[in-house]
Protein chains: 2
Amino acid sequence: MKFTITRSTFIKTLNDVSRAISSKTTIPILTGLKLVLTDDSLVLTGSDADISIEARIDANSETNDLQVESTGAIVLPARFFSEIVKRLPEAKMTVEVRDNLQTVITSGASEFTINGLDADQYPRLPEISAPNPLVFDPAILKQLISQTVIAVSNQESRPMLTGVHLTISGNTLVAVATDSHRLAQRVLELQTPTNQDYDVIIPGKSLIELSRTMDDDLDQVEIRIAENQVLFIAGNTAFYSRLLEGNYPDTTRLIPTSSTTTIEFSAPAFLAAIQRASLLSHESRNNVVRLNINVADQKATIYGNSPDVGNVEEELQFSNLQGDDLEISFNPDYMKDALQSFGQSTIEVAFTAPLRPFTLVPSEDKTHFIQLITPVRTY
Amino acid sequence: MKFTITRSTFIKTLNDVSRAISSKTTIPILTGLKLVLTDDSLVLTGSDADISIEARIDANSETNDLQVESTGAIVLPARFFSEIVKRLPEAKMTVEVRDNLQTVITSGASEFTINGLDADQYPRLPEISAPNPLVFDPAILKQLISQTVIAVSNQESRPMLTGVHLTISGNTLVAVATDSHRLAQRVLELQTPTNQDYDVIIPGKSLIELSRTMDDDLDQVEIRIAENQVLFIAGNTAFYSRLLEGNYPDTTRLIPTSSTTTIEFSAPAFLAAIQRASLLSHESRNNVVRLNINVADQKATIYGNSPDVGNVEEELQFSNLQGDDLEISFNPDYMKDALQSFGQSTIEVAFTAPLRPFTLVPSEDKTHFIQLITPVRTY
């Protein structure tokens with residue numbers, strides 16, 4: 001195997017694939033990067049067993065400037081190889097596999113010789129045959145991910161809660177995540193109805209990594225779902241993730257359908273006030289802030305308190321306060337995550353009772369995106 | 001005590017003073033920030049016992065927009081107070097000390113109440129009377145610091161080597177640091193000769209922090225040296241550091257006066273080659289790279305090797321190679337630190353023997369700045 005390539009092209013692809021490679025893996029060969037060179041292309045593969053990323057550099061594209069001298073395959077120590085490539089002196093580099101898997105990397109006057117591993121020992125990627133892929137706008141998929149993964153659990157005691165639950169039926173896609181203290185749900189209307197229903201749980205970590213690999217200049221992302229794997233195809237990159245097993249809890253009954261108090265906030269202004277209040281709550285043992293709503297006086301006040309350090313009180317700016325008076329306490333970090341997911345929107349917060357979950361929705365569209373937070377009992 | 005101030009002005013000064021405040025101090029009150037308000041000014045003080053920084057905000061300057069309502073003093077929890085100030089909603093803030101040292105910080109609708117400490121309990125800063133301060137150009141002082149602190153030891157077993165040795169006599173200042181494996185020396189000619197000789201050791205950490213507090217727009221830095229303290233005055237900021245005790249070793253005899261091989265490199269190009277070679281040496285137990293100089297062939301080659309990973313070989317660009325052939329091994333990290341201190345210069349490296357220290361000096365001026373590195377025996 002021998003090829004010459006423009007280093008900047010190679011580094012970009014190498015960075016994408018490296019996201020899947022962990023130095024903490026228990027399978028030694030997975031600390032490596034797999035390179036497969038054919039007459040048409042150079043394919044880079046990285047994997048941590050949960051996620052695998054495969055990226056293709058086309059030999060026929062002029063911008064890539066890939067010159068194939070002899071085909072072949074090798075696995076190289078990923079972190080180390082990547083550091084070498086980034087530090088090479090010239091714009092071009094040559095990689096050549098010699099005897100005994102010894103691989104020589106040259107650029108200008110610099111010549112590295114490193115020990116490779118046999119590419120045949122590298123685990124094979126799953127074969128996914130899903131004849132009718134779903135097609136998404138990458139920007140919408142990225143938004144859906146960022147709006148839901150915040151509510152994913154990071155505790156392995158209930159593994160399925162570490163994923164986002166995706167149900168697709170007809171022309172509706174519902175994505176839900178909950179760690180049992182809070183919930184995030186996003187509903188999408190598909191342009192073409194699916195001819196097959198899906199009900200899968202995708203690990204939150206996979207979705208976060210997927211989001212990072214998706215460039216803003218992509219036209220579309222294709223999703224293929226199989227028995228226990230999902231494949232996302234974006235440009236020249238194929239992103240594989242395993243699916244989580246188990247039955248995701250029924251979350252539809254958790255979302256309240258009526259409310260007794262509603263109030264509207266500007267999401268960023270409310271977020272700033274919550275961040276100030278949390279400075280105090282973070283110093284106390286129970287990380288809780290208190291919201292007091294007085295409908296007659298048209299006042300909403302947030303309180304934070306730490307017995308050691310002091311306390312904070314702030315009257316909030318709001319609009320459209322209706323319903324009953326209320327005093328409610330909640331974890332400000334859940335509220336911060338939820339508010340951040342609304343960007344610059346105006347949101348409606350709807351309460352039923354001090355100990356019942358409350359909801360946040362965009363004022364403009366109350367049906368496609370909802371955040372739910374369970375309050376904290378403080379007495 | 002009560003004042004109102006433009007928050008951005010206050011934050012800038014607060015950041016400067018906070019550099020001296022450590023949360024790891026064994027003296028609880030030093031985790032605090034001291035505020036002293038008079039009719040003329042607000043003075044902020046932070047200290048970790050080794051370094052103390054005092055900064056003054058003038059009440060008579062319009063840009064500061066400091067309004068003094070009632071004078072007084074307080075110590076506030078530094079980290080926490082700083083987080084509050086940065087998150088306040090409005091451009092202005094008011095700080096008021098009420099009964100029992102309770103301090104109220106208000107800005108817009110936000111009101112924080114935090115527990116202060118008695119300012120009388122805060123340690124006093126040393127009084128330094130040095131009638132004839134030394135005056136420096138801040139840019140030159142910063143350069144002198146960055147060129148020498150790299151060679152300071154970070155091992156507490158020989159405390160005085162953790163400092164930079166400063167000797168001032170007549171119109172010459174010599175700054176030297178060594179960790180016994182390498183040495184850096186910078187000589188300055190003073191514009192006005194000193195009428196008092198000095199021989200002090202300033203902790204490297206203090207100099208690094210001092211460098212960070214010096215803005216680029218300063219006109220001058222004044223240095224006052226006392227028995228066991230040094231005071232740097234830069235603009236409205238006074239920076240105190242303790243001095244290290246003990247007799248610094250005589251370093252003059254360490255610097256070789258003759259050489260058998262000399263070679264010139266572009267510092268940044270040589271640095272890049274050393275960084276590549278160190279990728280391999282960092283993977284091996286003894287972190288060493290090897291330089292081979294062949295005068296007859298006019299070749300200089302650098303080698304790095306790791307039995308597990310592989311090896312690297314690179315022919316170096318150089319000019320003006322003279323003297324005897326040589327093969328020498330050294331720690332590439334020492335070489336990297338040294339080369340970085342030369343910026344974009346061309347440097348002359350002078351060797352005497354494979355196991356004797358070698359020197360690096362700028363080709364343009366070989367007397368005012370020298371870096372020395374001790375090689376490593378590899379057999």
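Order of the sequence lines fixes the chain letters, A, B, ..., with proteins taken first and strands second; residue numbering starts at 1 for each chain. Only this structure's heavy atoms are used, side chains among them; waters, hydrogens and symmetry mates stay out. These figures come from a predicted structure and were not determined experimentally.
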Which atom pair, heavy atoms only, marks the closest approach of B/F80 to A/V309? CE2-CG1, 2.9 Å
Measure B/L280 against the heavy atoms of chain A and call it side chain, backbone, both or neither at under 4.5 Å. both
Can you confirm whether more than 12 heavy atoms, excluding those of B/D297, are under 6.0 Å from its CG atom? yes
Please find the pair of heavy atoms, one from B/N115 and one from A/P307, that lie closest to each other, and give the distance. ND2-O, 4.1 Å
One thing to verify: whether A/E283 and B/R79 come together as a salt bridge, which I'm taking to mean a side-chain N less than 4.0 angstrom from a carboxylate O. yes
Atom CD of A/Q317 with >12 non-hydrogen neighbours under 6.0 angstrom: no
Show every side chain to side chain donor-acceptor pair (under 3.5 Å) that has at least one partner inside residues 23-35 of chain B, sequence neighbours left out. none
Okay, side chain of B/N311, backbone of A/F112: is any donor-acceptor separation there less than 3.5 Å? no
Once rounded to the nearest 0.5 Å, what's the spacing between atom OG of A/S110 and atom CD of B/E315? 11.5 Å
Which of the residues A/G116, A/A109, A/G310 is involved in the greatest number of heavy-atom pairs with chain B at under 4.5 angstrom? A/A109
Quick one: of B/T113, B/I114, B/L88, B/T301, who has the most non-hydrogen atom pairs under 4.5 Å with chain A? B/T113
Residue pairs passing the salt bridge (Lys or Arg N to Asp or Glu O under 4.0 Å) test with at least one member in residues 101-121 of chain B, sequence neighbours excluded, are none
By a 4.5 Å heavy-atom criterion (distance strictly below it), what part of B/D308 contacts chain A: side chain, backbone, both, or neither? backbone
Could you tell me whether a side-chain N or O of A/R276 sits under 3.5 Å from a main-chain N or O of B/R87, the two making a donor and an acceptor? yes
